[in-house]
Enquirer: 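Before we start, here is the structure in question, set down as structure tokens.
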Amino acid sequence: MESIKVYNSLQPGAPVPLKPIEPGKISWYACGPTVYDKSHLGHARNYVSTDIIRRILMHYFGFKVNFVMNMTDVDDKIIIKARRQRLLDLEKKKTYSQQALRELALSAFTSYATANLPLLVQDGSQLDETNYASRRDAAYRSVLTGGTLSGEGKPGDGEAKIKMHISNMNAAAEAIHKDAVFPGSDEILLPHLDSLYKETIDTSDQTMFTDLTKSMEALFMQDMDNLNVLRPDVITRVTEYMPQIVKFVEQIVDKGFAYEAEGSVYFDIAAFEKAGNTYARLRPDSRNDKSLQEEGEGSLSKNLGGKRGAGDFALWKRSKAGEPFWPSKWGDGRPGWHIECSVMASDILGSRMDIHSGGVDLAFPHHDNELAQSEAFFCQHGKGEHTWVNYFLHMGHLSISGSKMSKSLKNFQTIQDALATSYTARSMRIVFLMGKWNDGVEISPDMRAQADNWESTVSNFFTNTKSWLAEAGIGDGVDSLSIQDKPATDLSAYLEQAKKDMEAALVNSFDTPKAMMVMLKLVNTANSYIKDNKDPDLRGIELIARWITKMVGIFGLDANAEPPYEGLGWASSISANVDPETAVKPYASVLVNVQTEVSRLDLSSDKLPALLSQDPSADFKSIAASGSRDIERLALPYLRAVSQIRDELRRVVSAQTPQAKKDILAITDRIRDHDLTNLGVYLDDRPDNQPSLVKFVPAAELIAAREEKAAREAEKAQKKEEARLAREKAEQEAREKAKVPPEEMFKSDERYSAWDEQGLPTRMKDGSDVPKSQMKSLKKLWEKQKKAHEDLKAKGGL
């Protein structure tokens with residue numbers, strides 16, 4: 001096997017060899033979520049991509065991975081959200097007159113605009129719900145119509161943020177207009193109330209914070225389970241590490257790499273670099289980016305003073321009124337954002353680790369600051385720089401309409417909503433697999449279509465392969481390759497090449513887009529082979545299907561499968577607390593119902609009696625006795641019996657009486673379209689009296705297809721009925737028109753003033769003669785009317 005190479009943010013450029021500290025083992029720390037809100041698709045991109053790499057290392061390359069992830073449950077965002085919600089809840093309990101409530105909302109309205117949409121209030125005049133819309137459209141029209149604020153370039157995060165603020169203001173303006181301040185104005189009231197009353201909140205009771213973080217952590221873990229993301233080996237939480245964090249900071253101070261100022265402790269970048277260390281190793285070009293520095297410090301740190309260097313960052317923050325606090329030698333405070341990960345990762349993994357990962361937006365300042373403070377903690381003077389992390393893996397972020405998907409921008413779809421409306425866990429993972437883990441991804445309709453095509457192609461291949469094997473008499477499931485009577489074909493060569501291409505892709509920094517193409521190409525090759533060969537090499541097809549099964553299992557595309565992924569196709573199993581006999585009852589019931597119903601028909605068939613009397617329970621019991629929990633294996637004996645009866649009915653139908661034909665067709669259609677569709681089974685009818693193939697397809701897909709077909713047929717019938725009614729209406733109108741004698745048809749036309757004995761016009765309304773060209777046309781219409789009138793008369797219609 002080639003050595004694995006990986007993109008390492010510490011060594012920009014080409015992938016570098018992956019050399020674990022301890023052979024065969026990998027220590028890995030991943031930055032987990034800040035648990036203050038529901039997780040969105042951006043989080044899914046990060047953690048699913050991380051999970052894919054972890055699975056490849058474990059289940060493809062065989063590494064033992066110790067995977068540690070934190071839960072950030074102390075953070076400025078958490079503090080602000082929990083505190084604001086508490087203040088809003090308290091405000092809603094107060095008794096206000098309608099006028100006082102309106103004044104509060106308008107004050108919040110103006111404050112919100114001043115802070116976030118300053119163009120609305122730049123002229124200094126009063127802003128309210130009556131003039132808001134006109135000012136909004138005048139000031140931000142370019143953004144609202146899809147452009148940029150400056151009128152140049154493409155819209156990005158700034159424009160997305162403006163749209164988010166405008167959305168909040170829109171809701172508030174409507175609420176104020178309707179005198180219904182709550183809940184429409186909540187988003188503008190939250191920061192306003194915080195500015196008024198934040199220092200009045202008693203934070204010695206931390207339940208307002210812990211209630212939020214515990215509930216959000218539970219939702220995050222549920223989202224990860226739903227996405228088939230493996231749980232971490234170790235989960236750490238900031239609130240459980242306060243004593244260790246304080247000691248960690250103390251040692252950095254003692255080494256001369258940090259200093260206390262006004263109750264806070266800051267990392268001294270100048271002292272760190274003077275000692276021969278390197279700061280901002282990941283993003284050196286960003287080290288003086290003030291906006292990123294401020295974002296890393298958090299919005300609650302703006303008024304903390306005493307920093308010596310502009311880029312120095314907080315290790316410990318003095319807690320102000322309205323903020324949670326813990327004791328330290330510098331007074332009550334709370335940890336800086338970056339120190340949390342350094343302490344927790346080092347506590348579990350020690351002074352060195354193989355891999356540290358997170359979203360690419362964490363590279364600076366979060367990960368650069370983590371590196372600096374951790375290397376400061378572990379370094380020994382005179383022995384050179386300490387290496388805390390060997391490989392930094394940064395997952396590309398997810399974008400939507402050119403902007404990073406972000407909670408703060410509110411341009412996100414939650415994982416919960418995405419799985420309920422537009423994705424399955426598998427389809428979402430396929431989308432991420434089709435992009436490189438370290439590249440940004442913008443989900444587009446084309447990408448979704450490509451992913452859907454990949455999934456349907458592979459799913460159909462699995463379904464067909466199992467059907468072909470079942471038809472060959474081994475459809476009860478095989479634990480090892482059992483078709484040995486045919487020599488190897490070119491399929492084996494294609495498979496071996498695919499394996500080589502797969503390994504080449506995965507050792508090249510886990511190149512999953514290439515890996516997905518390798519699998520799709522192999523499946524398409526197998527499908528073409530089956531199409532071109534009447535007597536195919538099922539052994540070769542089975543080998544390919546089992547290898548594809550193994551790979552999709554390794555990539556986490558099958559939530560029901562377990563390592564070493566040696567099955568065939570998407571795994572299907574019954575719950576551990578359901579016995580096999582109960583599980584197959586619906587399938588057995590279909591067989592009994594079909595046997596009963598068909599036995600009532602008076603049909604001539606020498607095969608039907610035996611088919612109607614067969615009992616597959618012995619075959620089922622044999623499979624169940626083997627310990628199988630695969631519902632497809634267990635149900636197949638009953639389904640095969642149903643399929644055989646239906647195939648025989650289709651064979652003999654042409655020789656039956658008209659009524660018997662009608663009954664047979666009704667039964668065979670119902671078996672396929674209802675009885676089995678509802679169980680997730682499709683009977684693929686084939687020509688020339690070939691037996692139908694039993695295919696297992698998700699019931700939801702089959703039912704949706706049935707409903708779509710029914711809708712098409714209903715639409716077709718409706719159009720046919722509409723056409724019939726239109727035809728009848730036209731015919732009725734023609735009959736009514738034909739009742740008029742040709743001599744009378746032009747008499748009521750006001751354009752004319754004189755007519756001849758046949759009723760043809762001779763003069764126009766102004767007394768002039770009717771033009772000859774017009775007379776020619778009128779004569780034709782008159783003759784046509786005469787014929788229609790006479791035909792109607794002949795038919796007795798007059």
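Computed over heavy atoms, backbone and side chain alike; hydrogens, waters and symmetry mates excluded.
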Enquirer: Show me the donor-acceptor pairs, under 3.5 Å and distance only, between side chains in residues 143-151 and residues at least two apart or in other chains.
Expert:
from   : atom 1 : to     : atom 2 : distance (Å)
Thr145 : OG1    : Arg141 : O      : 2.8
Thr145 : OG1    : Ser142 : O      : 3.2
Thr148 : OG1    : Gly151 : N      : 2.9
Thr148 : OG1    : Glu152 : N      : 2.9
Thr148 : OG1    : Glu152 : O      : 2.7
Ser150 : OG     : Glu152 : N      : 3.2

Enquirer: My understanding is that only residues two or more places apart in sequence, or in another chain, count here; which of them pass ring-ring contact (aromatic ring centres under 6.0 Å, His included) with Phe248?
Expert: Phe377
Enquirer: With a 4.0 Å cut-off, would you call Arg283 and Asp289 a salt bridge?
Expert: no
Enquirer: Do NZ/NE/NH1/NH2 and the carboxylate oxygens of Arg86 and Asp205 come within less than 4.0 Å?
Expert: no
Enquirer: Please test His386 against Arg352 for side chain to side chain contact (heavy atoms under 4.5 Å, CB included), starting from the C-alpha separation and ending with a verdict.
Expert: CA-CA 9 Å; His386 176 81; Arg352 293 177 65 200; 4.1 Å; yes
Enquirer: How many angstroms lie between CD1 in Ile78 and OG1 in Thr34, if you round to the nearest 0.5 Å?
Expert: 6.0 Å
Enquirer: Would you call the rings of Tyr259 and Tyr266 parallel, tilted or perpendicular, taking 30° and 60° as the class edges?
Expert: tilted
Enquirer: Show the numbers, then the answer: is there a side chain to side chain donor-acceptor pair (under 3.5 Å) between Glu103 and Gln99?
Expert: CA-CA 6 Å; Glu103 290 174 0; Gln99 181 59 30; 3.2 Å; yes
Enquirer: To check you understand the geometry: which heavy-atom pair defines the closest contact between Thr110 and Leu127, and what is its length?
Expert: OG1-O, 3.7 Å
Enquirer: Hey, does the side chain of Lys255 reach the backbone of Cys379 with a donor-acceptor pair shorter than 3.5 angstrom?
Expert: yes
Enquirer: How close do Glu129 and Ala173 get, heavy atom to heavy atom, and via which atoms?
Expert: CB-O, 3.6 Å
Enquirer: Quick check: do Asn369 and Phe267 have side-chain heavy atoms less than 4.5 Å from each other?
Expert: no
Enquirer: If you define the side chain from C-beta out and look only at heavy atoms, does anything of Asn277 sit under 4.5 Å from Phe257?
Expert: yes
Enquirer: So, does Arg83 use its side chain to make a donor-acceptor pair with the main chain of Ile201 at under 3.5 Å?
Expert: no
Enquirer: Would you call Ser49 and Arg45 a side-chain contact if the rule is heavy atoms closer than 4.5 Å?
Expert: yes
Enquirer: About how many Å separate CZ of Arg429 and OG of Ser427, when rounded to the nearest 0.5 Å?
Expert: 11.5 Å
Enquirer: Between Arg84 and Leu193, does the side chain to side chain contact (heavy atoms under 4.5 Å, CB included) criterion hold? Intermediate values first, please.
Expert: CA-CA 7 Å; Arg84 287 179 175 180; Leu193 295 173; over 6 Å; no
Enquirer: One pair to check against side chain to side chain donor-acceptor pair (under 3.5 Å): Gln222 and Asn226. What are the steps and the verdict?
Expert: CA-CA 6 Å; Gln222 184 62 57; Asn226 291 339; 3.0 Å; yes
Enquirer: Measure across Gly322 and Ile79 and return the closest heavy-atom pair with its distance rounded to 0.1 Å.
Expert: O-CG2, 4.1 Å
Enquirer: Parallel, tilted or perpendicular: which describes the rings of His43 and His40, with under 30° parallel and over 60° perpendicular?
Expert: tilted
Enquirer: If you draw a 6.0 Å radius around CD in Glu174, do more than 12 non-hydrogen atoms from other residues or ligands fall strictly inside?
Expert: no
Enquirer: Has the side chain of Arg135 got a donor or acceptor atom that lies under 3.5 Å from a matching backbone atom of Leu120?
Expert: yes
Enquirer: Salt bridge or not between Lys329 and Glu260? Use side-chain N to carboxylate O under 4.0 Å.
Expert: no
Enquirer: Is Lys214 salt-bridged to Asp73, going by a charged N under 4.0 Å from an acidic O?
Expert: no
Enquirer: So how far is it from Ile415 CD1 to Met428 CE, rounded to the nearest 0.5 Å?
Expert: 6.5 Å
Enquirer: Can you give me the closest heavy-atom contact between Ser357 and Trp28, atom names plus distance?
Expert: OG-NE1, 2.9 Å
Enquirer: Taking it one step at a time, do Met164 and Asn116 satisfy side chain to side chain contact (heavy atoms under 4.5 Å, CB included)?
Expert: CA-CA 10 Å; Met164 180 266 289; Asn116 303 297; over 6 Å; no
Enquirer: Roughly how far, to the nearest 0.5 Å, is NZ of Lys198 from NZ of Lys320?
Expert: 7.0 Å
Enquirer: Tell me whether Glu91 is salt-bridged to Lys94, with the criterion being a basic N under 4.0 Å from an acidic carboxylate O.
Expert: yes
Enquirer: Does Ser97 use its side chain to pair, donor to acceptor, with the backbone of Ala100 at less than 3.5 Å?
Expert: yes
Enquirer: List the steps, then state whether salt bridge (Lys or Arg N to Asp or Glu O under 4.0 Å) holds for Arg237 with Glu217.
Expert: CA-CA 10 Å; Arg237 298 174 185 83; Glu217 179 183 332; 2.7 Å; yes
Enquirer: Side chain to side chain donor-acceptor pair (under 3.5 Å), that's the test. Do Ser342 and Trp388 meet it? Break it down for me.
Expert: CA-CA 10 Å; Ser342 290; Trp388 186 55; over 6 Å; no
Enquirer: How long is the gap from CG on Leu371 to NE2 on His356, to the nearest 0.5 Å?
Expert: 7.5 Å
Enquirer: Which atoms form the tightest heavy-atom contact between Pro365 and Gly296, and what is the distance?
Expert: CG-CA, 3.7 Å
Enquirer: Before accepting this row, confirm whether a basic side-chain N of the pair Arg102/Asp128 lies closer than 4.0 Å to the acidic partner's carboxylate O.
Expert: no
Enquirer: Between Asp76 and Arg334 (salt bridge meaning N to carboxylate O under 4.0 Å), is one present in this structure?
Expert: yes
Enquirer: Judged by atom type as modelled, is there a donor-acceptor pair below 3.5 Å linking the side chain of Asp347 to the main-chain atoms of Val343?
Expert: no
Enquirer: Answer yes or no: is there a donor N or O on one side and an acceptor on the other, between the side chain of Arg136 and the main chain of Asn131, under 3.5 Å?
Expert: no
Enquirer: Judged by atom type as modelled, is there a donor-acceptor pair below 3.5 Å linking the side chain of Asp368 to the main-chain atoms of Tyr279?
Expert: no
Enquirer: Is the cationic atom of Arg448 (NZ for Lys, CZ for Arg) positioned less than 6.0 Å from the six-membered ring centroid of Tyr423 and within 45 degrees of its normal?
Expert: yes
Enquirer: Atom NZ of residue position Lys154 - does it have more than 12 heavy atoms of other residues, nucleotides or ligands inside 6.0 Å?
Expert: no
Enquirer: Asp223 versus Thr414: any side-chain heavy-atom pair under 4.5 Å?
Expert: no
Enquirer: Enter the distance from Arg287:CZ to Leu282:CG here, rounded to the nearest 0.5 Å.
Expert: 13.0 Å
Enquirer: Does any N or O in the side chain of Ser27 come within less than 3.5 Å of the main-chain N or O of Met353, such that one atom is a donor and the other an acceptor?
Expert: no
Enquirer: Would you please test Tyr112 and His192 for ring-ring contact (aromatic ring centres under 6.0 Å, His included) and show each step?
Expert: CA-CA 7 Å; Tyr112 192 92; His192 184 63; over 10 Å; no
Enquirer: If the condition is ring-ring contact (aromatic ring centres under 6.0 Å, His included), which residues does Phe364 pass it with, not counting sequence neighbours?
Expert: none
Enquirer: Just by modelled atom types, is the Ala310 backbone N or O under 3.5 Å from a matching donor or acceptor in the Lys290 side chain?
Expert: no
Enquirer: Is it true that a side-chain atom of Ser319 and a backbone atom of Pro324 form a donor plus acceptor pair closer than 3.5 Å?
Expert: yes
Enquirer: On a heavy-atom basis, which atom in Met216 and which in Tyr36 lie closest, and how many Å separate them?
Expert: CG-C, 3.6 Å
Enquirer: Quick one: do Lys307 and Asp312 make a salt bridge, cutoff under 4.0 Å?
Expert: no
